[in-house]
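Inspection log for the structure reproduced underneath, given as structure tokens.
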Amino acid sequence: MDIPEGFPDMPIPEDNQLTEDRVALGKQLFYDMRLSRQSDVSCASCHLQERAFADQNILSIGTQERVGFRNVPSLANIGYHPYLFREGGGISLETQVLGPLEAEDEMDFNMVEAVERLSQFPDYQEQAQTAYGRPFSAFVLSRALAAFQRTLISGNSAFDQDQRGELALSEAAARGLQLFTSEKTNCQNCHDGFDFSNYAFENNGLYEQYNDTGRSRVTFQDSDIGKFKVPSLRNVALTPPYMHDGSLSDLESVIEHYNTGGKAHVNKSSLIRPLGLSDDEKSDLIEFLKSLSDNCFISNPDFAIE
Amino acid sequence: MSIRTISFAVLVTLCIGLFTACKDDDEDLTLSLRFEHKFGAEDAVYGNTYMVNGTAVQFDLGIFYCSVFTPKSSSGDAFTSFTDEFLLVRAEESAAYEVGTFSGGDVRKLGFSIGVDSEINHGDPANWQSPHPLASQSPSMYWGWDNGYIFFKFEGRVDRDNDGVPDAIMLYHIGKDQFFTSTEIDIQENPVDGVLTAVVTVDYAKLFENIDILEDRVSHTGDNLQLAADLVENWPRMFN
């Protein structure tokens, strides 16, 4: 696995160290529709490589066109996330698999039944033995999918090339970067570090009243209402619409949201307040966000299936 | 037979005699549990309808985890505690579950918990190999989006419009660390051939005490925390 310059080491569980066989098996599973009860959706139906492993829908669309309740997030650099899902209830990529697999509006299947089904294919049995030295099982299924997803690393955008001194950002994007890191916008206070996220749970003032209460769904604390995991901004120009519910259709709307300071909410971060950005500043910020798109990542044949 | 073997045989015979003399205290005892599933006085059977405070309730699913089995004397002293044993009890199964063996005594009480402890709760079912109760299950006993075991599932239907036909969905899926609950029951049975088979009666009708089943019909725990807490408060009453 090639770790880009400036990226930290990825934490990888002892029992699931990466090998080519494990990753190859995981890739095959990621693209396999038989993981859904009706064999009509795979992980890749919602996590599309050309969209940086997100999709273009407002809310996710699962088996039998069932509409979910959240916008699909990108899986770029997902191996670095300390917890998964927008409210953070997923403890590891290994356990996270049960989420989509068993959700009625996603794959509507069951781990026991999925393993029963896939165990019947000699290819999978063989690959399970080579990759994990045991028959195909829930262990193999969850480990292999996690292993493949850990290889989904994106760190070759125009911004990265500029950082490495290979290619300079456009002037507008460079001005946008300045603004992004400045106290005028505070963007970097939350969208921080190599992955443009501090992975904290924050309320960014999207609503006065949240239908989807976010973090409080797992903590049951009122002080967590409307808080969601700060998303990475890598490839963000490729993944409209935005926010947990896909309610903002484009980057212009997102910048406008932050510029107005968002809606009033007791849990809203004090960093979210009217910014007074000029039209030029807004478009500079957008140019910067566009510079985070990684074309190598979305066209890398290692992540695609023939 | 040599002298040595003979004296060994005598010794063994003596020992057996000794052990029999004080068998109430030191004999190895295997604890086994048989669950009897009831709705009040009737057997609980999937698809059947029962009257709960004058309302018809159809029973479709009853399944829960038990753990931390602690056999005790009449005065409440624990003989041992089985902290690594887990049972997934399904209402449609009547088989006895073997918990484990300990150097026994006169067991008159049994402590146990509904659910699993927080360490297990935040583990990965794929680390357990089927048919272990903590491995992945069908129907699922683990939340994929808020990782943790579902301690207790009850599903059925309730007759909302009072026409005698249960129609409205009832669904209680309860988990989360704070609802890991311990309880204690009395044991009447005596061991037979070194096996103490305790019969545990589970009365699902008791689950609904102080619950307005016409209104409070659905809780996945987090989406109706108050209802979850009210149900959990009834758990100890269900076991006898």
Side-chain angles (χ1 to χ4, degrees), chain A residues 13-16 37 68-70 83-117 119 132 134-146 212-222 224, chain B residues 61 63 65 88 90 92-93 116-151 153 155 169 171 173-180 218-232:
Chain A
E14 200 64 49
D15 69 4
N16 200 17
R37 184 178 299 281
F69 81 117
R70 292 231 170 117
Y83 25 68
L84 300 157
F85 298 124
R86 295 179 184 273
E87 67 274 82
I91 38 190
S92 70
L93 280 171
E94 281 77 6
T95 55
Q96 174 279 333
V97 170
L98 287 159
L101 189 69
E102 298 188 341
E104 281 172 25
D105 54 16
E106 296 190 16
M107 305 174 110
D108 190 27
F109 212 12
N110 169 274
M111 181 59 98
V112 178
E113 295 173 75
V115 166
E116 246 170 48
R117 180 188 285 176
S119 293
Y132 291 97
R134 56 169 91 196
F136 195 82
S137 62
F139 183 92
V140 171
L141 174 67
S142 59
R143 264 66 190 165
L145 273 169
D212 179 343
T213 57
R215 180 70 177 154
S216 76
R217 296 181 74 221
V218 302
T219 63
F220 311 144
Q221 301 296 313
D222 286 349
D224 284 334
Chain B
L61 185 75
I63 177 167
Y65 280 104
L88 182 57
R90 300 168 186 263
E92 82 267 34
E93 284 173 5
V116 298
D117 64 71
S118 67
E119 195 183 319
I120 295 290
N121 199 20
H122 301 290
D124 180 353
N127 282 327
W128 304 90
Q129 213 162 339
S130 187
H132 193 283
L134 295 174
S136 292
Q137 301 292 330
S138 177
S140 183
M141 291 300 284
Y142 191 87
W143 280 304
W145 67 274
D146 180 14
N147 291 163
Y149 285 87
I150 302 171
F151 297 168
K153 269 190 176 182
E155 293 178 16
I169 297 264
L171 184 152
H173 291 182
I174 312 298
K176 299 291 270 192
D177 291 343
Q178 72 226 58
F179 292 132
F180 182 43
V218 176
S219 175
H220 298 84
T221 304
D223 59 356
N224 195 340
L225 200 60
Q226 187 54 53
L227 175 54
D230 292 346
L231 291 162
V232 168

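With salt bridges taken as basic N to acidic carboxylate O contacts below 4.0 Å, none links A/Asp212 and A/Arg86. Using a 4.0 Å cut-off between charged nitrogen and carboxylate oxygen, A/Arg217 and A/Glu87 count as a salt-bridge pair.
Put simply, the side chain of B/Ser130 never gets that close to the backbone of A/Val112: no donor and acceptor are under 3.5 Å apart. Of the possible polar contacts, none joining the B/Ser140 side chain to the B/Gln137 backbone as a donor-acceptor pair under 3.5 Å is found.
Of the residues considered (A/Asn110, A/Asp15, A/Leu98), A/Asn110 shows the highest number of contacts with chain B, using heavy-atom pairs under 4.5 Å.
Using a 4.5 Å heavy-atom cut-off against chain A, the contacting residues of residues 117-126 of chain B are B/His122, B/Gly123, B/Asp124, B/Pro125, B/Ala126.
Heavy-atom distances place both the backbone and the side chain of B/Ser138 under 4.5 Å from chain A.
With sequence neighbours left out, B/Lys153 forms a side chain to side chain donor-acceptor pair (under 3.5 Å) with no residue at all. With sequence neighbours excluded, no residue forms a side chain to side chain donor-acceptor pair (under 3.5 Å) with A/Ser137. Under the side chain to side chain donor-acceptor pair (under 3.5 Å) criterion, A/Glu94 pairs with A/Asn16, A/Arg150, sequence neighbours left out.
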